[in-house]
Amino acid sequence: MKALTAFFGDGEHQFKLTTPLIVELESKCGAGIGTIAARVFARQFSQCDIVETIRLAAIGAGMPPKRAAEMVAAYVADQPLIASWPLASRILEHVWFGEPHREALDKA
């Protein structure tokens, strides 16, 4: 699966949750990926669901772990959670559904 490109903090960045990072996300959040996605989609999320989804997906797309932690500290940690919810939601939608719109366009 291709990485998702989205604006975060200071510009466009890529995000990708690989299988090992999904396992890490599940461990950090104490729930399976389906539960985490359901909580985020329903806006019934924990802070960990948002923060770790963004941090780990940035790492999965190639951002160094230290930089990903710095970005989350700067642009997520002290902000209202709802400001970061759209990005976390898009990342999890990308994991859950892939790129249905892009695939449809490519086939047309």
If every non-hydrogen atom of Val76 is compared with every non-hydrogen atom of Val51, which pair is closest and at what distance?
-> CG1-CG2, 3.8 Å
Arg39 CZ to Leu92 CG distance, which is reported to the nearest 0.5 Å | 10.5 Å
For the student: nearest non-hydrogen atoms of Pro86 and Ala83, plus distance = CD-O, 3.6 Å
About how many Å separate CD1 of Ile33 and CG of Leu17, when rounded to the nearest 0.5 Å?
-> 6.0 Å
Given Phe15, which of Thr53, Ile54, Thr5 fulfils the side-chain contact (heavy atoms from CB on, under 4.5 Å) condition?
-> Ile54
Enter the distance from Ile59:CD1 to Lys16:NZ here, rounded to the nearest 0.5 Å.
-> 14.5 Å
On a heavy-atom basis, the closest approach of Ile50 and Ser84 is CG2-CB, 3.6 Å
How about Gln47: does its CD atom have over 12 heavy atoms from other parts shown lying under 6.0 Å from it?
-> no
With His94 via side chain to side chain donor-acceptor pair (under 3.5 Å) - residues at least two apart | none
Trace of the side chain to side chain contact (heavy atoms under 4.5 Å, CB included) decision for Lys2 with Gln14 | CA-CA 9 Å; Lys2 294 179 186 176; Gln14 292 192 320; over 6 Å; no
Output for pair (Thr18 OG1, Leu25 CG), nearest 0.5 Å, gives 10.5 Å
All side chain to side chain donor-acceptor pair (under 3.5 Å) counterparts of Arg90, not counting sequence neighbours | none
From CA spacing to verdict: side chain to side chain contact (heavy atoms under 4.5 Å, CB included), Phe7, Leu87 = CA-CA 8 Å; Phe7 185 86; Leu87 177 57; over 6 Å; no
How would you list, by chain and number, every residue that makes a side chain to side chain contact (heavy atoms under 4.5 Å, CB included) with Asp10, sequence neighbours excluded?
-> His13, Arg67, Met71, Tyr75
In Å and rounded to the nearest 0.5 Å, what is the CG to CZ distance from Asp49 to Arg43?
-> 14.5 Å
Mind checking whether Val23 and Ile36 sit in one hydrophobic cluster, side chains of I, L, V, M, F, W, Y counted as touching below 4.5 Å?
-> no
Which atom names give the shortest non-hydrogen contact between Arg55 and Ala68, and what distance separates them?
-> O-CB, 3.8 Å
Trp96 side chain to Ala37 main-chain N or O, any donor-acceptor pair under 3.5 Å?
-> no
To the nearest 0.5 Å, tell me how far Glu24 CD sits from Thr19 OG1.
-> 13.5 Å
